[in-house]
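Everything below concerns the one structure shown next.
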Amino acid sequence: MSNGLAVKGRSAEHPVAADWKPDLRGNLYEINEYLEEQGVYDIFDYLLKDLMVKQPENPLKHMLACLEKGYPTGPLKVIVSSPPGLGRGEFARSLAERFGLIYVGAGELLREASVDTKNLSSAADDEVAKLVLELIKQAEHKMQGFVLDGFPRNPCQTTYLKEKSIVPTHVLQLQASEKYIQRRQESLLKGDVKGEAAATPEVLDARLKLFIAHNALALEDYADRTFVVNAEANAAEVLAQMEKAVCLRPRSKAPSPPPRVAIFGAEGAGAADCARKLAMRIGAVFVSSQKLLKDLATPGAEDSTVSLALACAAEKDPLGIVGARLRQVDCQRQGWVADLSKDAECLSQDEMLMPRRVVTFGAAGASGQMVLHGPGAVSRCLEVSVDATAEEAFKAIVEFVERPLPRPH
């Protein structure tokens, strides 16, 4: 439907009439919406890549088996990395249980192989890789995802993953200050915190230096899928950060329709600045409803954003000046990012102007939710915390807008 009116020939309830003409624009809109929501391009991208890597004897049977596993864009393959002494293993194991993944703990595998992991000396890279890769092989045979804990630790170990064409979907980097790690180590030694402490403070210090020297190089090839997690928060919050990151889908290479992003926020909340910056970043048109409504009083004036033609169109448009502006050619071709601090609910009346993403600042959340409806409404809406800095807010918005819709949490 468009503008609340049923279109002939688009449903069983409204069959083709004698004077029917195809609604090409409406059909193309529906097709694009379906392809984006279902991630169809990414499904085929995953299947083709998987075929090239595994080269099965029966490609069709293999693809069907992949799809039947319920991972339309492939199983989750998560690497969890952190400095020593942060309880990474417990977080990684909990994450694996949460998403039904196989837990692959490098340290645990070494202990099961009777290798002493308490002292500074560690097993050879090929020995660790052999144990880890065997478990990953079993997971891939079952077409099941995994959480890889504590591997790779250096560039040499990363090479083993590359040789087997193992590419993570997410890398979670737990971060904390050295002082926090030392305080936690003291708590571990006293028994105030559950977990395994390093043999001595000297061993912990040496491990920290090794981590600093090698970790960044080991994971540098995965920078585009790395998420930083604040490990100094309480355990529940750390796990929540990890789960949220894993729910984010990788950036898509699929052709995307023109963006339609609505940003809501009270005056002074920073919504307008974020909308303007986002429009510049993604090459879309910036639209301010507040500015449009103000300039509508003086159409055609030198400093007015509303021309006489736009003012006339606004009189006929059921959504007024906002609808008329968003229907203009530049917005339709380039897409738009709109600061809709006022008259937010108007967009819910027209599916052709329905935003693909909605961002709300604090108390504006209710206004944003009025714009979206349907089964995917929740995943299309991001609420920015009022405590977030301008930099944090913009970074979160960019991640939300530039990625496919997140997995159900």
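When a residue number appears, it is its place in the shown sequence, counting from 1.
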Nearest-0.5 Å distance, [atom1] of residue [X] to [atom2] of residue [Y]:
| X | Y | atom1 | atom2 | result |
| --- | --- | --- | --- | --- |
| Lys294 | Ile321 | NZ | CD1 | 15.0 Å |
| Leu86 | Arg184 | CG | CZ | 6.5 Å |
| Asp50 | Met63 | CG | CE | 10.0 Å |
| Gln157 | Lys162 | CD | NZ | 13.0 Å |
| Leu239 | Glu97 | CG | CD | 10.0 Å |
| Asp126 | Cys156 | CG | SG | 8.0 Å |

Notebook entry, point to check: Run the side chain to side chain contact (heavy atoms under 4.5 Å, CB included) check on Phe361 and Ser385 step by step: do they pass?
Noted result: CA-CA 7 Å; Phe361 281 73; Ser385 170; over 6 Å; no
[Y] and [X], any side-chain heavy atoms less than 4.5 Å apart:
| X | Y | result |
| --- | --- | --- |
| Val398 | Arg281 | yes |
| Arg225 | Thr169 | no |
| Val147 | Val246 | no |
| Leu110 | Leu131 | yes |
| Phe146 | Val132 | no |
| Asp45 | Leu47 | no |
| Val104 | Asp149 | no |
| Cys381 | Thr360 | yes |

For a quick test of reading the model, state the closest non-hydrogen atom pair linking [X] to [Y] and the distance between them.
| X | Y | answer |
| --- | --- | --- |
| Ala393 | Val384 | CB-CG1, 3.6 Å |
| Ala275 | Val337 | O-CG1, 3.4 Å |
| His214 | Pro155 | O-CD, 4.1 Å |
| Pro84 | Phe211 | CD-CB, 4.3 Å |
| Gly323 | Leu353 | CA-CD1, 4.0 Å |
| Asp317 | Ala324 | OD2-N, 3.4 Å |

Heavy-atom neighbours of [X] [atom1] exceed 12 at 6.0 Å:
| X | atom1 | answer |
| --- | --- | --- |
| Arg153 | CZ | no |
| Lys137 | NZ | no |
| Glu108 | CD | yes |

Check: Which residue pairs pass the side-chain hydrogen bond (donor to acceptor under 3.5 Å, both in side chains) test with at least one member in residues 226-241, sequence neighbours excluded?
Finding: Ser177-Glu232
Verify, without hydrogens or angle tests, whether [X] (side chain) and [Y] (backbone) share a donor-acceptor contact under 3.5 angstrom.
| X | Y | value |
| --- | --- | --- |
| Thr158 | Pro152 | no |
| Gln334 | Cys331 | no |
| Gln332 | Leu326 | yes |
| Arg183 | Glu178 | no |
| Arg260 | Met354 | yes |
| Arg93 | Tyr103 | no |
| Ser289 | Asp339 | yes |
| Asp295 | Thr305 | yes |

Next item on the list: Please list all pairs passing the ring-ring contact (aromatic ring centres under 6.0 Å, His included) test where one or both residues lie in residues 225-249, with sequence neighbours left out.
Entry: His170-Phe227
Next item on the list: Using only heavy-atom distances, determine whether the side chains of Tyr160 and Asp125 contain a donor-acceptor pair under 3.5 Å.
Entry: no
Margin query: Pairing donors with acceptors under 3.5 angstrom, does anything connect the side chains of Asp205 and Gln182?
Written below: no
Checklist line | By salt bridge (charged side-chain N to carboxylate O under 4.0 Å, His left out) - contacts of Lys130 (at least two apart) | finding: none
Notebook entry, point to check: Honestly, is Lys277 close enough over Phe394, meaning NZ or CZ under 6.0 Å from the six-membered ring centre and within 45° of the axis?
Noted result: yes
Next item on the list: Establish, yes or no, whether the cationic atom of Arg357 lies under 6.0 Å from the six-membered ring centre of Phe400 and within 45° of the ring axis.
Entry: yes
Check: Does the pair Asn215 and Ser81 meet the rule for a side-chain hydrogen bond (donor to acceptor under 3.5 Å, both in side chains), with working shown?
Finding: CA-CA 8 Å; Asn215 183 74; Ser81 175; 2.8 Å; yes
Item checked: Evaluation steps, salt bridge (Lys or Arg N to Asp or Glu O under 4.0 Å), between Asp42 and Lys49 -> CA-CA 10 Å; Asp42 296 318; Lys49 286 180 178 177; over 6 Å; no
Next item on the list: Tell me, with the steps shown, if Val80 and Phe91 meet side chain to side chain contact (heavy atoms under 4.5 Å, CB included).
Entry: CA-CA 9 Å; Val80 181; Phe91 289 124; 5.7 Å; no
Note to self: Between the side chains of Arg403 and Glu399, is the shortest nitrogen-to-carboxylate-oxygen separation below 4.0 Å, so that they form an ion pair?
What the structure shows: yes
Checklist line | Glu140/Lys54 ion pair, N-O < 4.0 Å | finding: no
Next item on the list: Show your reasoning for whether side chain to side chain contact (heavy atoms under 4.5 Å, CB included) applies to Gln328 and Leu310.
Entry: CA-CA 9 Å; Gln328 288 190 308; Leu310 181 57; 3.7 Å; yes
Next item on the list: Check the pair Leu292, Val306 against side chain to side chain contact (heavy atoms under 4.5 Å, CB included), reporting the backbone distance first and the verdict last.
Entry: CA-CA 7 Å; Leu292 287 172; Val306 178; 4.0 Å; yes
